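When reading the values below, keep in mind they use all heavy atoms of this one structure, side chains included, and skip hydrogens, waters and symmetry mates. The shown structure was predicted, so the numbers you read here are calculated from the model rather than taken from an experiment. Atoms within a ligand are numbered from 1 in the order they appear, just like the ligands themselves.
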Amino acid sequence: MQKKQRLQAPTGMHDILPADQPYFERVYETAKELATFYGFSRIDTPLVEDAQLYEKGTGIATDIVEKQMFLLRTKGGDVLALRPEFTPGIARAYLQHGMLNLPQPVKLYTSGPVFRYEHPQAGRFRQFHQADFEVFGDQSPAIDAQIIQIFYSLLKELKLPHLTIEVNNIGDSQCRPYYKKLLVNFLRARQYSLCLDCRRRMKTNPLRVLDCKEEKCQRVRVQAPQVIDHLCEACKTHFTSLLELLDEADLPYHLDPYLVRGLDYYTKTVFEIVAERATPQDSGKPPALAGGGRLDNLVKVLGNKDVPCSGAAAGIERIVGLMKELGITPQTAPLPKVFFAQLGESAKKKSIRLLEELREANIPVAESLGRDSLRAQLARADKLGVALTLILGQREVLDNTIVVRRMDNGAQETIKIDKVVEEVKKRLRK
Ligand code: AMP
């Protein structure tokens, strides 16, 4: 007989259960505080976009577009993709809504789920969440530094220790083509020492060979020409200024000549932030918590407009995973200090309005409206460890009163129901 299959979340996708919500909320709140401080406005773009947006913007030869997009065909025949990242969608919105005509720079941020058809493993999901910041219309290295500062502060505010910023400059359309040629010549001569993927990448996206995790490819790259030695004057100046800004801001960075990030649209600055472990988990470098860089060609590719752009995204699951691993607890909403118990039909009828009155007065209250027995309700109040329980029975309804019970000594008082807010506040202050 065929075994009955239990329904499960799709492979690589997960529920965020109530116990984990405070962690996610804490990350989102911190991102929002930083966004407000640094003048970023929130934007929300659709979960799906025309697949061509990513083919053009992210790049045909990237892993994201080549292997990782969830595609769907609409009844009308359009091919849409579940967003694998935020940046192209935000750039599309910038163009579509004429944000080019606003005073520049335009600073936008967002957060939410993104989808990539990955091989699921620890810290690598098919649906995960990102917080994403983008600045359009400013080519200054100071903007790159500000983006780096924002993501560093996000992780720092969340108390994650041992943070390092890996940074590199991968050139622009002036100098990268020449460097690419040099690199391809170098790799071609050693192609049989590369993994199969890199032999293919050598033709489609040669820079990616530099950040391949395979040991044999890492042995080859040690002798490869480095992009940093082949930058044009503009890229060199940009990089020097960026490093000066990072120094000035006391940000702990490390030059990583092999950091390329694999997306077509990066120009000049690329960076990632990692949390070094006291005891490394495996041989490779720790997974990035956030990453991004400068994207000066993106808007040009999508809308034929010269608009520089710089941005980055942080992976919320990776951050939450690390917080939990290190025992960092998010601040949670204060537990209610008051329980509301009701007895009888007429009391239950009055409950909804009374609870709303307490909520409007900012008094968090727990209740068990579904329960009828007073004993069961008091037992729950005990378990929650509240200071006061309000008891509304038939008699109190008739007298327009309510009983206030102190849970530490069981003392009870009857008060006028229209004084409940001030009486509760008074007792909680004591
Ligand atoms: P990316 O858009 O690839 O630059 O990723 C930005 C951040 O998102 C990374 O630094 C990770 O923290 C996170 N991230 C990327 N891919 C995944 C994934 N498959 N699962 C979980 N987090 C991810």
Would you kindly specify which portion of Glu272 sits under 4.0 Å from ligand 1, judged on non-hydrogen atoms: side chain, backbone, both or neither?
neither
Heavy atoms only, cut-off 4.0 Å: how does Phe125 contact ligand 1, side chain, backbone, both, or neither?
both
Location of contacts on Ala312 toward ligand 1, heavy atoms closer than 4.0 Å
neither
Where is the tightest heavy-atom contact between Asn205 and Thr62, given as atom of each residue plus distance?
ND2-CA, 4.2 Å
State whether the side chain of Gln226 and the backbone N or O of Ile228 hold a donor-acceptor pair below 3.5 Å, judged by distance alone.
no
Specify side chain, backbone, both or neither for Arg116, according to which of its non-hydrogen atoms lie closer than 4.0 Å to ligand 1.
side chain
From the list Arg176, His238, Lys268, Lys236, side-chain contact (heavy atoms from CB on, under 4.5 Å) partner of Leu231 resolves to Lys236
Would you indicate which of Arg318, His129, Gln130, Arg126 comes nearest to atom 6 (C) of ligand 1 when only heavy atoms are counted?
Gln130
Short N/O distance, under 3.5 Å, between Ala288 and ligand 1?
yes
Hey, is ligand 1 close enough to Leu289 that some N/O pair sits below 3.5 Å?
yes
For Glu317, is at least one N or O under 3.5 Å away from an N or O on ligand 1?
no
Measuring from Arg318:CZ to Glu325:CD, what's the distance to the nearest 0.5 Å?
12.5 Å
Fit a plane to each ring of His129 and His14, take the angle between them on a 0 to 90° scale, and name the class: parallel (under 30°), tilted (30 to 60°) or perpendicular (over 60°).
perpendicular
Can Glu272 and Arg261 be said to form a side chain to side chain contact (heavy atoms under 4.5 Å, CB included), step by step?
CA-CA 9 Å; Glu272 280 183 356; Arg261 294 199 35 81; 2.9 Å; yes
Gly123 heavy atoms, cut-off 4.0 Å: which ligand 1 atoms fall inside?
20 (N), 21 (C), 22 (N)
Where at least one partner belongs to residues 129-140, residue pairs that pass salt bridge (charged side-chain N to carboxylate O under 4.0 Å, His left out), sequence neighbours excluded:
none
Quick one: pull up OG1 in Thr237 and CZ in Phe239 and give me the separation to the nearest 0.5 Å.
12.5 Å
Partner residues of Arg188 under the salt bridge (Lys or Arg N to Asp or Glu O under 4.0 Å) criterion, sequence neighbours left out:
none
Do Arg261 and ligand 1 have an N or O pair less than 3.5 Å apart?
yes
Say whether Arg124 and ligand 1 are in contact under the criterion: heavy-atom distance to a ligand atom below 4.0 Å.
yes
At a non-hydrogen distance cut-off of under 4.0 Å, which region of Glu85 contacts ligand 1 (side chain, backbone, both, or neither)?
neither
Polar contacts were defined as any N/O atom of the residue lying under 3.5 Å from an N/O atom of the ligand; does this apply to Ala313 and ligand 1?
no
In ligand 1, which numbered atoms sit nearer than 4.0 Å to a non-hydrogen atom of Glu118?
16 (N), 18 (C), 19 (N)
